[in-house]
There are 2 protein chains.
Amino acid sequence: MSPTIRDVAQKAGVSVATVSRVVNDRPGYSAETRNKVLRVIEELGYQPNALARGLVSKRSRTVGVLIPNISSMVASEMLKGIEDAAHTIGQSVIVCNTDNNGERTLEYLQVLKEKQVDGIIVVSAPITPLYHQKFGEMQVPVVLVSTRYHDGNLPFVKVDDEKAAYHATAYLIKKGHEEIGMIAGSKDDRIAGIPRVEGYRKALSDHGIPIRDQYITYGNFGFQSGMAGLERLLEAAPEITAIFCASDEMAAGALSLAHRRGIEIPDRLSLIGYDDSQLAEMTIPPLTTLRQPLCQMGQEGLTMLMAMIEEGKRTIHSKILPYTIVERETVRELR
Amino acid sequence: MSPTIRDVAQKAGVSVATVSRVVNDRPGYSAETRNKVLRVIEELGYQPNALARGLVSKRSRTVGVLIPNISSMVASEMLKGIEDAAHTIGQSVIVCNTDNNGERTLEYLQVLKEKQVDGIIVVSAPITPLYHQKFGEMQVPVVLVSTRYHDGNLPFVKVDDEKAAYHATAYLIKKGHEEIGMIAGSKDDRIAGIPRVEGYRKALSDHGIPIRDQYITYGNFGFQSGMAGLERLLEAAPEITAIFCASDEMAAGALSLAHRRGIEIPDRLSLIGYDDSQLAEMTIPPLTTLRQPLCQMGQEGLTMLMAMIEEGKRTIHSKILPYTIVERETVRELR
DNA sequence: CTGAAAGCGCTTACAG
DNA sequence: CTGAAAGCGCTTACAG
C-alpha cells in the first residue's frame with residue numbers, strides 16, 4: 001500500500017493535521033517541524049490521495065471537456081490549448097468525445113457531475129436548452145469555446161464568425177474578384193454556418209456586388225463536402241473566379257476537385273479557407289485562409305473557467321478573439 | 001447542495017447500506033424496497049459522488065493517457081479509440097499532453113497517481129527506464145499503444161513496423177520499381193524509425209535489389225521534413241522512381257515539393273505513405289499508404305488495460321495488429 | 001432482506 | 001505552533 005498521511009504523521013512524530021498543513025502550505029508550524037515532515041514525506045514517497053482531498057475540499061482539480069470529435073484537426077487544436085492551460089495551473093482534464101450525440105452528451109454530463117469536476121468546457125457543439133438546463137442543475141461553471149448559446153446566458157470565447165467571413169470575402173474583393181462563390185457549412189448551423197454566410201453576403205452588398213443564390217452551396221465542413229460543393233458551383237456558376245470556403249477541410253476538398261478537373265488554382269480560380277488548421281500549409285498549393293487562434297481559444301476558455309471557479313461566479317464576460325488572414329498561395333490578384 | 005445517499009435513505013425510510021446496495025446492484029433487498037429507493041433517487045435526482053466511491057472502493061473508474069501531442073492526426077485517432085472504448089465501459093479518461101518532455105511526463109505521472117487512476121496508457125512515446133521504474137512504484141497497470149519498451153516487460157499493442165515497412169516496400173517492388181528511396185523517420189527512434197528502415201532494407205535485399213545509402217534520408221515524421229527529404233533525395237539520387245515515406249505527413253510534404261519542382265506524381269515518381277491518417281485521402285493525388293488501424297489500436301489498448309485492472313494482473317500478452325495497404329493514386333505500375 | 005458501525009484518507013474548525 | 005475530533009459521502013463486513 002502507498003503511505004497515507006497517517007504514516008507520515010506517525011513517522012514524523014506529529015499529528016496528521018500538521019502534515020496536512022505543510023502539504024497544503026497553510027500557516028501553523030515551525031520551520032523545524034516543516035523540515036522534519038518534508039523529510040519524512042520524501043523518505044516515504046508520500047503522495048496525497050486526490051480523491052480524499054477532493055471529497056472534503058469540494059474541489060476535484062479536474063475539469064471536463066465535451067468535444068464532438070477529438071480527432072478533428074480544428075477541435076483537437078482547441079483541446080490542446082485547454083489541456084495546456086489546465087496543466088500549468090494543476091488541473092486535470094477529462095475528455096468526452098460526444099460525437100455530437102445528444103444522449104451521449106447527457107451521459108457524459110452525468111459522469112462529470114459524479115466525478116465532481118470543478119467546471120466544464122464545451123467545444124464547438126450546438127447547445128440545446130436541455131443541456132443548458134442540465135448545466136443549471138449541476139451547479140457547475142460552464143464555458144463555451146467556439147460556440148455559443150443563443151437562448152440564454154453562457155460565457156463563451158470565439159471569434160466573430162460573421163465579421164471574419166466578411167473580412168475573408170472582402171479580401172477576395174480587394175484582390176479584384178467580383179464573381180465570388182461560397183462553399184458554406186451546414187445550412188442550419190447557427191454558430192459556424194449561418195453567420196459566415198451572412199458575413200459573406202454583407203461583404204458583397206457593402207461593395208456593391210449583387211448576391212446570387214446560385215453562388216452559394218452548402219456542405220458539412222468536411223473534405224468530401226468541399227469536393228461536392230465545388231462540383232455544384234462549377235455547374236451552376238462557371239463564371240466564378242473566387243470561392244470563400246467555410247473551413248480549410250472543405251477548401252482542401254475543393255482543391256482536390258479542381259485538380260481533378262484540371263482547373264488551376266489560383267490561376268483560374270482563387271480559394272480562401274477558414275480556420276488555419278494544420279491542413280492549410282499542407283495543401284497544394286498552400287492555402288490562404290482566415291485564421292482562428294484555435295489553441296489560444298482553448299487556453300482563454302480554461303482561464304475563464306478557472307476565474308468562474310475561483311471567484312464563485314456563475315457567469316463572466318465572454319471573449320471575442322481576433323482573426324487574421326494568412327496569405328499563402330491560393331488567391332490570385334485579378335487585374 | 002446535491003442530495004447525498006443519506007438524503008435518499010432518510011426519505012425512503014431505509015438505511016444508507018440498502019441504498020448503496022440498490023445503487024450498486026448488489027443483492028440484498030426486496031423488490032419493494034428497490035422500487036421505493038429507485039423512486040426516491042429519481043425524485044431527488046440523486047447522483048453518487050464518485051470521489052467518495054473511489055475513496056472506499058479503490059477504483060476511480062478513470063484512466064490516464066499520456067500522449068506526446070493531442071493534435072497530431074495519428075495520435076488523436078488512437079486517443080479517440082481509447083476514449084470510445086473507455087466510455088462504453090464507464091471509464092473516464094484524463095488526457096496528458098506530454099510534448100515528449102521528460103519532466104512534464106513525470107509531473108503527469110505524479111498527478112495520475114494522486115488521482116488514483118485505475119490504469120495508464122501511454123501512446124507512441126519512447127519509454128525510458130526512469131518511466132518504467134515509476135510505473136513499478138505506482139503499482140498501476142500500464143499498457144503501451146504504438147510504442148514498446150525494449151529493456152523490460154510492458155504490454156503493448158502496435159503493428160509490426162518492420163514487417164509493415166517490408167510490405168510497403170515489397171508493394172513498390174511488385175509494381176515494377178527497383179530504384180526505391182526512403183524518407184525515414186527519426187534516425188534514433190527505436191519504435192517507428194529504425195524498424196521501418198530495417199523493413200525497407202530487408203525487402204530490397206530479399207528481392208535482390210542493392211541497398212544504397214544515398215537512397216535513404218531521415219526526417220522527423222513531419223510535413224516539412226518530408227519536403228526536405230525529397231529535396232535531398234532528388235539531389236542525391238535523381239534516378240529513383242519510387243519512395244517509401246515513413247509517415248503520411250512526410251509523404252504529403254514530398255507531394256508538395258514534387259509539385260513545386262514540376263515532378264508528376266505518380267507518373268515520374270511513385271510515393272507510398274505510412275499510417276493512413278485523415279490526411280491520406282486529402283492529398284493531391286490521394287495517397288497510397290500503409291494503413292495502421294489507429295482507432296482500433298486505441299480500443300485494444302484500453303481493453304487490455306481493463307483486463308489487467310480487473311484480473312489484477314501485473315502484465316498481459318501484447319498484441320500485434322494487422323496492417324493493410326490502401327491503394328489510392330500515388331503509385332504507378334512500371335512496365 | 002436489512003441496519004449499525006467502521007473505515008477509506010484527507011481537511012478544517014476548535015481548543016489550547 | 002500543535003493536536004484531537006468531526007466530518008466529507010460513500011462501501012463493506014458483520015450481525016441479525
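We name chains A, B, ... by the order of the sequence lines, and we start the count at 1 in each one. Only this structure's heavy atoms are used, side chains among them; waters, hydrogens and symmetry mates stay out.
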Is the phosphate of C/dG3, meaning OP1 or OP2, less than 4.0 Å from a side-chain N or O of B/T18?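 So the side chain of B/T18 is within the cut-off, an N or O lying under 4.0 Å from OP1 or OP2 of C/dG3.
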Distance check: side-chain N/O of A/S30 vs OP1/OP2 of D/dT2, anything under 4.0 Å?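 Indeed, a polar side-chain atom of A/S30 lies that close.
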Show which side-chain atoms of residues 86-102 of chain B pair as donor or acceptor with protein atoms under 3.5 Å away, not counting sequence neighbours.
| residue | atom | partner | partner atom | Å |
| --- | --- | --- | --- | --- |
| B/H87 | NE2 | A/E107 | OE1 | 3.0 |
| B/T88 | OG1 | B/A85 | O | 3.0 |
| B/Q91 | OE1 | B/R61 | NH1 | 3.3 |
| B/S92 | OG | A/K115 | NZ | 2.7 |
| B/N97 | OD1 | B/I70 | N | 2.7 |
| B/N97 | ND2 | B/P68 | O | 3.3 |
| B/T98 | OG1 | B/I67 | O | 3.4 |
| B/T98 | OG1 | B/N100 | N | 3.1 |

Holding to side-chain hydrogen bond (donor to acceptor under 3.5 Å, both in side chains), I want the full list of residues that pass it with A/S57, two or more places apart in sequence or in another chain.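 Per chain and number, A/S57 pairs via side-chain hydrogen bond (donor to acceptor under 3.5 Å, both in side chains) with no residue.
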Going by salt bridge (charged side-chain N to carboxylate O under 4.0 Å, His left out), name the residues that satisfy it together with B/K158, two or more places apart in sequence or in a different chain.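 B/K158 satisfies salt bridge (charged side-chain N to carboxylate O under 4.0 Å, His left out) with B/D161 once adjacent residues are dropped.
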Residues in salt bridge (charged side-chain N to carboxylate O under 4.0 Å, His left out) contact with B/E83, at least two apart in sequence or another chain: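 Listed in chain order: A/R104.
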When the distance from NZ of A/K115 to P of D/dC8 is rounded to whole Å, what number comes out?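 These atoms are roughly 23 Å apart.
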Output all residues satisfying ring-ring contact (aromatic ring centres under 6.0 Å, His included) with [X], sequence neighbours left out; order by chain, then residue number.
X: B/Y149; result: B/H132
X: B/F221; result: none
X: B/Y29; result: none

Under 4.0 Å protein heavy-atom contact, by nucleotide of nucleotides 9-16 of chain D - B base, S sugar-phosphate only: BBBBB---
A/K113 and B/S2: side-chain donor and acceptor closer than 3.5 Å?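 A pair is found: one side chain offers a donor N or O, the other an acceptor, under 3.5 Å apart.
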Give me the stems containing DNA chain C, sorted by first residue, counting only three or more consecutive Watson-Crick or G-U pairs with both distances under 3.5 Å; say none if there aren't any.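 C:1-3 with D:14-16, C:5-12 with D:5-12, C:14-16 with D:1-3 - these are the stems of 3 or more pairs that involve DNA chain C.
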